Every structure is written in C-alpha cells, then in structure tokens.
Amino acid sequence: MLHDKMSKALNEQMNWELYSSYIYLAMSAHFEQVNLRGFAHWMRVQTMEEITHFKRFYDFLTARGGRVVLSQIKAPPSEWKSPLDAFEDVLKHEQEVTRRIHHLADLAVELKDHATGSLLKWFIDEQVEEEASTDEIIQNLKLNQDAPSGLYLIDKELAARAFTVPPDISV
Ligand code: FEO
C-alpha cells in the first residue's frame with residue numbers, strides 16, 4: 001500500500017507527464033505550420049513517449065492501491081522563434097522533469113518505499129537519455145541553423161525517429 005504522501009506526489013508527476021506530452025504536441029503543431037515536417041514528426045513521437053511515461057506511473061499507482069486523481073493540465077506556449085529556441089525549451093523542460101524525478105526518488109528513500117524507488121530508477125535512467133539526445137540536437141542546430149541545407153538535413157534526420165509502445169506498457 002502506498003503512503004498518501006507518495007500517492008499525491010505520483011499524481012502530481014502524472015500531471016507533469018501529460019503536460020510534457022501537451023508541450024511537445026504544441027511544438028509539433030508549430031513545426032507543421034512552418035513546414036518542418038521532420039521536426040513535427042519528432043515532437044509527435046515525443047508526445048507519445050510522454051503518454052507512456054504517464055501510463056507507467058498510472059499503472060504503478062493502480063497496482064499499488066493508490067488513488068488516481070487526474071487534474072487540470074496547463075496550456076503550453078504555441079510558438080517559438082526558431083527550431084533552436086524550441087529545443088532549448090525542450091532541454092529546460094526535461095531538466096525540470098529530472099529535478100522532479102530526483103525529488104520523488106528522495107521521497108521514496110525517506111518513506112523506505114523500495115517499490116516506488118525501483119520504478120523511479122527507470123525514470124532516472126530515462127532522463128539521462130532524454131537530456132543527452134536533446135542536447136545533441138541543440139548542438140547540431142547551433143552548427144547548422146544558419147545554413148538552409150543544414151536545417152533540411154536535420155529535418156530529414158528527425159523524420160526517421162521511430163516509436164513503439166514498450167512491451168511492459170498496456171494500451
Ligand atoms: Fe517524461 Fe520527457 O520526461
């Protein structure tokens with residue numbers, strides 16, 4: 001049985017994962033508007049990944065007898081000055097997610113909640129990857145954003161991102 005404090009904290013994190021999904025969907029719509037279809041596709045995949053993060057917490061909370069309380073999702077911005085501006089926002093956002101995940105991990109230690117600690121281990125590793133892949137795109141954009149052919153190549157590269165539902169996540 002989950003401690004009430006942890007149940008509440010996991011519900012807040014679920015809201016944050018849905019908000020993440022919402023931000024990336026807004027970025028995808030923005031990139032569609034400026035005809036960067038590969039960037040738009042990458043953001044759509046990111047949106048789907050965030051929904052699986054939400055589901056991972058939701059399934060865990062349900063399995064551990066916690067109470068799921070869905071709350072309002074705040075509206076994301078709707079435009080960005082450039083692809084670099086958008087990806088810098090992605091990195092800032094993911095750094096905030098990391099901070100929140102680490103805070104949850106601290107709470108799991110405080111409550112001696114080993115099961116939640118084990119779940120959070122997956123997220124801690126995931127955040128390392130999320131920040132690294134975003135930073136790689138930022139560096140690439142910094143090198144190429146002023147050359148239209150460079151942006152075209154990055155767009156092509158981002159269009160190749162694949163998404164599959166992880167086998168341990170129920171639809
Ligand atoms: Fe669910 Fe991108 O962190």
Side-chain angles (χ1 to χ4, degrees), residues 2-64 66-108 110-111 113 116-117 119-138 141 158 161 163 165-166 169-171:
L2 271 177
H3 192 290
D4 281 352
K5 229 170 146 179
M6 182 56 85
S7 202
K8 187 169 176 287
L10 293 179
N11 270 291
E12 280 167 14
Q13 186 60 31
M14 287 199 309
N15 180 279
W16 198 256
E17 298 294 345
L18 288 180
Y19 176 55
S20 304
S21 172
Y22 219 25
I23 289 180
Y24 298 137
L25 192 56
M27 287 183 176
S28 181
H30 167 78
F31 283 127
E32 289 284 357
Q33 284 219 312
V34 296
N35 292 315
L36 287 169
R37 308 294 303 273
F39 281 88
H41 169 80
W42 193 95
M43 289 297 174
R44 275 181 80 105
V45 170
Q46 190 71 7
T47 293
M48 295 306 292
E49 279 207 352
E50 297 300 348
I51 290 173
T52 67
H53 294 173
F54 162 79
K55 285 291 316 275
R56 206 172 276 278
F57 281 115
Y58 178 100
D59 290 347
F60 178 82
L61 202 61
T62 306
R64 299 288 293 164
R67 199 163 113 78
V68 170
V69 183
L70 299 177
S71 50
Q72 193 170 8
I73 305 163
K74 71 174 176 176
S78 58
E79 55 188 332
W80 288 266
K81 289 196 295 279
S82 64
L84 179 60
D85 183 39
F87 270 89
E88 283 177 336
D89 270 5
V90 173
L91 185 58
K92 268 189 240 150
H93 180 75
E94 290 301 332
Q95 285 167 339
E96 173 60 19
V97 174
T98 301
R99 192 191 65 77
R100 286 169 181 258
I101 295 287
H102 289 185
H103 177 72
L104 284 171
D106 289 345
L107 184 62
E110 183 191 316
L111 298 174
D113 180 349
T116 305
L119 170 79
L120 291 168
K121 169 81 174 66
W122 185 93
F123 280 96
I124 290 167
D125 295 344
E126 172 71 7
Q127 283 311 117
V128 171
E129 204 184 303
E130 291 246 33
E131 286 188 29
S133 62
T134 306
D135 192 50
E136 195 181 317
I137 296 169
I138 288 174
L141 280 168
L158 297 186
R161 185 180 185 187
F163 173 73
V165 178
I169 296 291
S170 58
V171 182

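Here the structure is a predicted model, which is why all the values come from computation and not from measurement. The analysis underlying the following values was restricted to heavy atoms, covering all of them including side chains, and did not include hydrogens, waters or symmetry mates. When a residue number appears, it is its place in the shown sequence, counting from 1.
A distance of 8.0 Å separates CZ of F163 from CD1 of I51, quoted to the nearest 0.5 Å. Rounded to the nearest 0.5 Å, atoms CD1 (I23) and CG (D89) are 8.0 Å apart. Considering NE2 of H102 and CG of L120, their distance stands at 9.5 Å, rounded to 0.5 Å. Atoms CG and CZ, from L91 and F87 in turn, are 10.5 Å apart once rounded to the nearest 0.5 Å.
D125 places none of its side-chain heavy atoms less than 4.5 Å from the side chain of E129.
Q33 CD: 12 or fewer foreign heavy atoms inside a 6.0 Å radius.
In this model, no donor atom of one side chain and acceptor atom of the other lie less than 3.5 Å apart for E131 and Q127.
No donor-acceptor pair closer than 3.5 Å links the side chain of D113 to the backbone N or O of L2. Looking only at distances, a side-chain donor or acceptor of K55 sits under 3.5 Å from a matching main-chain atom of S170. Checking side-chain atoms of D85 against main-chain N and O of W80 turns up no donor-acceptor pair under 3.5 Å.
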Report task. Please lay out, stage by stage, how F57 and W16 fare under the test ring pair (Phe, Tyr, Trp, His ring centres under 6.0 Å). Result -> CA-CA 11 Å; F57 281 115; W16 198 256; over 10 Å; no
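The existence of a salt bridge linking K8 and D4 is excluded, since no basic side-chain nitrogen approaches an acidic carboxylate oxygen closer than 4.0 Å.
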